[in-house]
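Notes follow the structure.
If you read the sequence from its start, that first residue is 1, and numbering goes on from there.
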Amino acid sequence: MQIITEHSVWWLFPAFLLALGLTLLLYWKERRNEFTATQKIILALLRFGGIFLSLLLLLHPMILRKVEQRENPVIIIAQDNSQSLVSTRDSGFIRHEYLEKLAAMREKLSRKYEVKSLLFGDKVEEGEQAAFSRLTTDISAVGRTIYRQYANRNPGAIILATDGIFNRGINPLFTFDKLHSPVYAIALGDTSERKDLSISRLRHNKVAFQNNKIPFEISIRGIACKGEKARVKVTHNRKLLFSKELRLSGDNVVQKVKGSFVVPDAGLQYFEVSLTHLSNEQSYQNNHSGFYLDILASKEKILILYQSPHPDVSAIRRSLENSENYEVTVADAEHLPAHWEDYNLIVLHGLPSLQYPLKSLLHLPVKQRLPLFFILSQTTDIEAVNTYMKDLRIQPEKSMMNEVQAALNEGYSRFSPEPSREDDLLRFPPLYVPYGEFKAAPNLRILLYQRLESVTTSMPLLATSETEGVRSAILCGEGVWRWRLTDYREHQNFRTFDNLLGKLVQYLALKEKRKKFRVSTKRQWREGEEVVLDAELYDDTFSPAQTDDMKLHLVNGKGEQFNYAFVRQGKQYRANTGNLPAGKYTYRAETSYGGKLYSDKGSFIVNPLNIEKINLRANHHLLYQLAKASGGKVFAPESLDRLAEELLHNPQIKPVLRYENKYLDMLSYLGILLFILLLFFVEWFLRKRFGAF
């Protein structure tokens, strides 16, 4: 124990002198000789003690104490909760006998240690009751979680119960090596090569077009199936679309089957893939799989018109052609199409110009107008653009061009670039923009602002507008081909550029009525993802409106209905349905505003994820590596009693004594204040007792 003060200890010396001076002033200079010498000494000591302690408290003294804390070891049991553990013939043992033995071992260990139970699959969570329902396995996440949550809690040992199969994350050896606790592995599953035929991979397009050939590729894996014959089939609504017989050429081989089929129906369609059931297979669950396709009635037709050859035109064409949704036509202004109405969107690079005013396009009646995307260059007739786009007026100064970079407007609500890549827009090279004044009307929706060096201006670089349901966009500069090259140089792909252009073109080319209530979501989700639906509500002026009553009704393929509520987030509303099983879903959203009822409906699909059922051969070699590197051991699931005894009698697993400094304020001690009062009271009492008045 140690006493420290908030102020310098040198103040104790003046406090001592002051207390001594006041005491001597009272008793040493006392003239009436009321007390004997002994009585004076006793009274002086009481008076000095009371004054000195009172002055001492003014220095804010604190008592520093070291408190001993005993921390018992923590035993962490991490149980694999993925489907692969119960996809083989011994699943009954795993679900019943093994879980009973695990519960008994947990109870035995908890008598001496603190036991923490984790379940892991695609994520790690606390829990004891394994359902073996997770669609993927990430063993490396277990090491990260233990390091983050238990590294400072005296982890005595880690029990890792798994078959060693992982299909997400990195190699677990790289995350468990940060831990300083032994890993005791429970080796589940079967490492022997049993006969098994499985669909290991399906390759297909997500989107296809009605009455077109749809290509696909099926990877078939055979274990201990050499010389066996198998037939693969693709069916749709019980109708056979494709069938082929193959002979497996090895004991552990992957063979690919390629083919195509034609589907006459548009919409979200499901296709089932099946393999022959061989005798004595380890599992038949991986002999079946399937996939969904979004069959479109026709492609969106995009026309790119240019004044003169420019690398921007090539960059835009290549970007749009990467999507199967678009049929792209490129033409110069000398070869205009005979019928504008054949196209869903027209991109104008450097047009209209003085040489090619495009009056037949720009002067169409409002009801016949097409979505236009203007890209300004040195040849563009700015006045003609001003006449067409009422929400933006550009007043250029002569023919000067200015170099500007892009700055994202986070308040743009029509669509947004890919969230993880928004910062890339800030690093893109500058565009060449007409030098002058840009006046934007309130109805102009600005996606990108012009940025001059480090200053973001209010002038638009990329913006959209809508007049009587007809959408248009304007990019106020040329040079976007540099953006696409920069994207590839930094990421070895064109994802940021293609994402930005693709969403813009999709927004412009989409033909739909302007609705006051609209729900949007992805057309395809992956099983295991959280399915999210967003909604927008507008008033009569098409300004964002607010309501507290917005409901979502979701119906699966079996006709079962599930109800959710939208939650307001800023100007939008969001409903999170969580993880949904694979299948096709239809939804209907409804809300009321201003005494009127609004609704919107649609559909989406959740694609099945069968990765846990493809590889069923346990990887015990990984478990031995983890145990050896950490000083642990590997046990069979039938030997959990021996594992418990090993941990209970392990001398290395012991409590840890930790010492913590605690500061106690002496002013908070009532006993000290009472002691000071007692000193003054005893002095007063003795003075009366000794006859003083």
Side-chain angles (χ1 to χ4, degrees), residues 303-308 310-313 315-316 333 345-364 366 369-409 411-412 414 425-426 428-453 455-468 470-483 500-501 504-505 507-508:
L303 172 63
I304 303 177
L305 280 179
Y306 60 88
Q307 160 79 14
S308 56
H310 196 284
D312 280 355
V313 176
I316 294 172
L345 172 66
I346 299 177
V347 181
L348 301 173
H349 189 281
L351 295 170
S353 65
L354 296 177
Q355 184 179 1
Y356 303 102
L358 302 182
K359 291 182 179 180
S360 61
L361 174 63
L362 300 182
H363 294 171
L364 286 172
V366 174
R369 281 188 175 181
L370 299 171
L372 300 181
F373 179 18
F374 296 94
I375 301 178
L376 304 187
S377 72
Q378 293 185 359
T379 63
T380 304
D381 183 0
I382 302 297
E383 285 302 321
V385 176
N386 288 337
T387 303
Y388 185 88
M389 293 202 64
K390 305 296 185 181
D391 295 333
L392 176 64
R393 181 164 184 82
I394 305 173
Q395 295 178 342
E397 294 187 9
K398 299 180 181 179
S399 59
M400 299 176 60
M401 303 293 284
N402 196 19
E403 288 190 358
V404 302
Q405 290 181 285
L408 182 68
N409 175 20
Y412 185 84
R414 296 298 181 264
L425 298 173
L426 302 176
F428 279 169
L431 302 183
Y432 294 99
V433 175
Y435 182 79
E437 185 178 359
F438 293 75
K439 294 183 179 179
N443 291 333
L444 187 72
R445 305 296 181 179
I446 301 176
L447 174 59
L448 300 178
Y449 288 109
Q450 296 183 26
R451 184 165 60 94
L452 301 173
E453 296 181 350
V455 178
T456 299
T457 70
S458 60
M459 297 185 295
L461 178 61
L462 177 60
T464 60
S465 179
E466 187 170 345
T467 303
E468 297 187 22
V470 180
R471 297 168 177 173
S472 57
I474 183 169
L475 178 63
C476 301
E478 58 181 326
V480 292
W481 64 273
R482 298 187 183 89
W483 286 11
L500 174 64
L501 182 63
L504 175 63
V505 169
Y507 168 74
L508 295 174

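Closest approach of P357 to P352, counting heavy atoms only: O-CB, 3.4 Å. Contact detail for L345 and P371: the closest heavy-atom pair is CD1-O, 3.2 Å. Closest non-hydrogen pair, G477 versus V433, comes out as CA-CG2, 3.9 Å. Taking both residues in full, the closest heavy atoms of C476 and L392 are given as SG-CD2, 4.3 Å, listed atom of the first, atom of the second, then distance. Across every non-hydrogen atom of G350 and Q307, the tightest pair is O-CB, 3.7 Å. The minimum heavy-atom distance between M389 and S465, with the atom names listed, is CE-CB, 3.9 Å.
Here the CD1 atom belonging to I474 is positioned 11.5 Å from the OH atom belonging to Y388, to the nearest 0.5 angstrom. The distance from atom CE of M459 to atom CD1 of I446, rounded to the nearest 0.5 Å, is 10.5 Å. Atom-to-atom distance recorded for K439:NZ and L444:CG is 14.5 Å, nearest 0.5 angstrom. Going from atom CG of L362 over to atom CD1 of I346 covers 9.5 Å, rounded to the nearest 0.5 Å. Within the model, atoms CZ of R471 and CZ of R445 stand 11.5 Å from one another, a figure rounded to the nearest 0.5 Å. Taking CG from L408 and CG from L462, the interatomic distance works out to 10.0 Å, rounded to the nearest 0.5 Å.
Counting only heavy atoms from C-beta outward, the side chains of V347 and V505 never approach each other to under 4.5 Å. Counting heavy atoms from C-beta on, the side chains of F438 and T457 never come closer than 4.5 Å. L361 has its side chain within reach of L348: a pair of non-hydrogen atoms, C-beta onward, lies under 4.5 Å apart.
Listed by chain and number, the residues in a side chain to side chain contact (heavy atoms under 4.5 Å, CB included) with Y432 are M401, E403, E478, R482 (sequence neighbours excluded).
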**OP:** List the steps, then state whether side-chain contact (heavy atoms from CB on, under 4.5 Å) holds for W483 with L500.
**Re:** CA-CA 11 Å; W483 286 11; L500 174 64; 4.3 Å; yes
**OP:** Quick one: do V313 and I375 satisfy side-chain contact (heavy atoms from CB on, under 4.5 Å)? Show the steps, please.
**Re:** CA-CA 10 Å; V313 176; I375 301 178; over 6 Å; no
**OP:** Go through T380 and F374 one step at a time and tell me if the side-chain contact (heavy atoms from CB on, under 4.5 Å) criterion holds.
**Re:** CA-CA 9 Å; T380 304; F374 296 94; over 6 Å; no
**OP:** Evaluate the side-chain contact (heavy atoms from CB on, under 4.5 Å) criterion for residues T464 and L447: first the C-alpha distance (whole Å), next the side-chain angles of each, then the deciding distance (0.1 Å), finally the verdict.
**Re:** CA-CA 8 Å; T464 60; L447 174 59; 6.0 Å; no
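Here the rule is side-chain contact (heavy atoms from CB on, under 4.5 Å) with L475, and of L376, D312, L448, V480 only V480 fits it.
Applying the salt bridge (charged side-chain N to carboxylate O under 4.0 Å, His left out) rule to pairs touching residues 378-395 yields E383-R393, sequence neighbours excluded.
A donor-acceptor contact closer than 3.5 angstrom is absent between the side chains of Y356 and T379.
Here the side chain of R451 pairs a donor or acceptor atom with the backbone of E453 at under 3.5 angstrom.
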